[in-house]
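Worksheet for the structure shown next.
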Amino acid sequence: MVLMRIAQSMKDVWENRTILLAMIRRNTAGRYRNTYMGFAWHLLLPVLMIVVMYITFTNIRTRAIEDFWVYLSSGVFPIMFISASLRGRAVLNNAKYITKMKFPREIVVIASVITDFLSVVFAYVIIIMVILLAGEPVNWYGMALIPVELMLMLIFCIGCSMLISTVTVFVKDIGYFMSVMMRLVFWITPTFFLISEAKGVLRDIVWYNPFTYFVETFHKILYYDIVPDPFYIAVSTALAAGFLLLGSFVFFRCEKRFPEVL
C-alpha cells in the first residue's frame, strides 16, 4: 500500500515539477535575499568551507594524519546535509501554501531537501577537482559509486524530513529537540576523528549511528582511495529504503490534517 502511494506520489511530483522547481528557486533566493551575490552564495559557501579546512588543518592546526582536510571535508558535508533535513521545518515554513493551494504536499519537503542537496553535490565536485589537480591517486571504481551514494543519501534525507516535518506539525517541540540531538550526533559521527580512534562505548555508539555508513563511504572513496566495503552500500540502501517507507507512511497518513492544524 505504501509502495503504491509512493509510486503515485512520484507521478504527482513529476506532473507538478514546475511547482517543485519554483519552490527550490524560492528557497535558494529567499535564503540569500538582499545580498549582492544571491544564489552564488549557495555554491560559494561550500568552497569557502573547504578552503578554511585546508588552511586550518594544513598550516595552522596540523594533525599527524596526512591530508586531514580531505578526510574532514569528505565527511562533514553529509552530516551537515542530514542535520539540515532533520530540522523538521519544511511543512511549517510552507504553511501558507499548504493551507491555500492544492498541490502534492510532499513537494514542500522534497524542495527543501533538494535545496540543501545542491550545495553538497557542488562541494563534492570541488573536492574531487582539488584531489585531481593535486595529482593525488584516484580509484575510479570508487568514484563511480559517489553518485550512487549521493542518491541514497538524498532518498534517506527525504524520508527523514517527511517523518520529522510531519511530527513537528503536531508536536512543535520536536524540531527544537532534533536540533539539540543533531549537535550531539555531529560529535559521535566520524568526521573530526578516525573511526579507528573510537574506543570502548564510543566505538559501539559510532557503529550504531546510521549516519556513520554514509560518511564512511565517502571517506573510503575520497580519503582512503579504495572501493568501500559492499556492507556500507548495503546499509546505506537499507536506511534509504527504510526511512523513505516510514517517512512516507507517516506523511501520507497525516497530511489531510495539515490545514486544520496549521
Worked verdict on K220 versus V227 for side-chain contact (heavy atoms from CB on, under 4.5 Å) = CA-CA 7 Å; K220 298 298 183 186; V227 176; over 6 Å; no
task = Check the pair F81 / L154 against side-chain contact (heavy atoms from CB on, under 4.5 Å), numbers first and verdict last.
result = CA-CA 9 Å; F81 174 50; L154 175 62; 4.2 Å; yes
ask   = What about the rings of F218 and Y124, do their centers lie closer together than 6.0 Å?
value = yes
task = Would you confirm whether S112, through its side chain, and V108, through its main-chain N or O, come within 3.5 Å as a donor-acceptor pair?
result = no
query = Considering only heavy atoms from C-beta outward, does the side chain of F103 approach that of M23 to under 4.5 Å?
reply = yes
message = Rounded to the nearest 0.5 Å, what separates atom CD1 in I164 from atom CD1 in I174?
response = 7.0 Å
key: Minimum-distance pair of heavy atoms, taken over all atoms of I205 and I188   = CG2-CD1, 3.6 Å
ask   = When the aromatic ring centroids of Y71 and H219 are compared, is their separation below 6.0 Å?
value = yes
key: Evaluation steps, side-chain contact (heavy atoms from CB on, under 4.5 Å), between M143 and W140   = CA-CA 5 Å; M143 286 289 185; W140 292 107; 4.1 Å; yes
query = For R253, does its backbone N or O pair with a side-chain atom of K256 as donor and acceptor, under 3.5 Å?
reply = no
query = Is it the case that more than 12 heavy atoms not belonging to K11 sit under 6.0 Å from its NZ atom?
reply = no
query = Does CE in M4 sit with more than 12 non-hydrogen atoms of other residues, nucleotides or ligands closer than 6.0 Å?
reply = no
query = Which heavy atom of T212 sits nearest a heavy atom of V206, and at what distance?
reply = OG1-O, 2.7 Å
task = State, with a plain yes or no, whether a side-chain heavy atom of E216 is found less than 4.5 Å away from one of P190.
result = yes
query = Looking at S248 and L244, what are the two nearest heavy atoms and their distance?
reply = OG-O, 2.6 Å
query = When rounded to the nearest 0.5 angstrom, what is the spacing between CD1 in I114 and OG in S119?
reply = 12.5 Å
key: Residue R5 excluded, over 12 heavy atoms near CZ under 6.0 Å   = yes
message = Tell me if the CZ atom of R17 is crowded by more than 12 foreign heavy atoms within 6.0 Å.
response = yes
ask   = For F186 and F192, what are the C-alpha separation, side-chain angles and deciding distance, and is it a ring-ring contact (aromatic ring centres under 6.0 Å, His included)?
value = CA-CA 9 Å; F186 190 84; F192 287 92; 5.6 Å; yes
query = Is there a donor-acceptor pair closer than 3.5 Å between any side-chain N or O of N139 and the backbone N or O of G142?
reply = yes
request  = Determine the minimum heavy-atom distance between T191 and G75, stating which atoms define it.
outcome  = CG2-O, 3.4 Å
request  = Measure the acute angle between the ring planes of F211 and F156, then classify it against the limits of 30° and 60° as parallel, tilted or perpendicular.
outcome  = perpendicular
task = State, yes or no, whether a side-chain contact exists between D116 and S85 at a heavy-atom distance under 4.5 Å.
result = no
ask   = Are side-chain heavy atoms of L132 and I128 found at a separation under 4.5 Å?
value = yes
query = Closest heavy-atom contact between V148 and A144?
reply = CG2-O, 4.1 Å
message = Applying a strict under-4.5 Å side-chain criterion to I, L, V, M, F, W and Y, I'd like to know whether F122 and L21 cluster together.
response = no
inquiry  = Under 4.5 Å between side-chain heavy atoms, counting indirect links through other Ile/Leu/Val/Met/Phe/Trp/Tyr residues: same cluster for I19 and Y97 or not?
reply    = yes
inquiry  = If only side-chain N and O atoms count, and only distance matters, is there a donor-acceptor pair under 3.5 Å linking R26 with N94?
reply    = yes
request  = Side-chain contact test, heavy atoms from C-beta onward, threshold under 4.5 Å: evaluate it for T168 versus Y176 and give yes or no.
outcome  = no
ask   = So do the side chains of R203 and S196 get within less than 4.5 Å of each other, counting heavy atoms only?
value = no
key: Straight-line distance of L239 CG to Y213 OH, nearest 0.5 Å   = 8.5 Å
key: ILVMFWY network linking I221 to L133, side-chain heavy atoms under 4.5 angstrom   = no
message = With a 6.0 Å cut-off (strictly less than), is the heavy-atom count around CZ of F170, excluding the residue itself, greater than 12?
response = yes
query = P78 versus M153: any side-chain heavy-atom pair under 4.5 Å?
reply = yes
remark   = OH of Y223 to CZ of F68, rounded to nearest 0.5 Å, is 8.0 Å
L245 CG to L163 CG distance, which is reported to the nearest 0.5 Å = 12.0 Å
query = Looking at the rings of F258 and F251, which for Trp means the six-membered one, are their centres under 6.0 Å apart?
reply = yes
key: Verdict with reasoning, I155 to F243, per side-chain contact (heavy atoms from CB on, under 4.5 Å)   = CA-CA 8 Å; I155 294 169; F243 275 89; over 6 Å; no
request  = Look at the side chain of S83 and the backbone N and O of I79, then say whether any donor-acceptor pair between them is shorter than 3.5 Å.
outcome  = yes
CE-SG distance between M162 and C254, expressed to the nearest 0.5 angstrom = 11.0 Å
key: Considering all heavy atoms, the nearest S161-V109 contact   = OG-CG1, 3.4 Å
query = For the hydrophobic clusters of this structure (ILVMFWY residues joined by side-chain heavy atoms under 4.5 Å, transitively), does one cluster hold both M181 and V215?
reply = no
key: Hydrophobic cluster identity match, V171 and V180, side-chain contacts under 4.5 Å   = no
query = Are the side chains of R89 and N93 in touch, meaning some heavy atoms are under 4.5 Å apart?
reply = yes
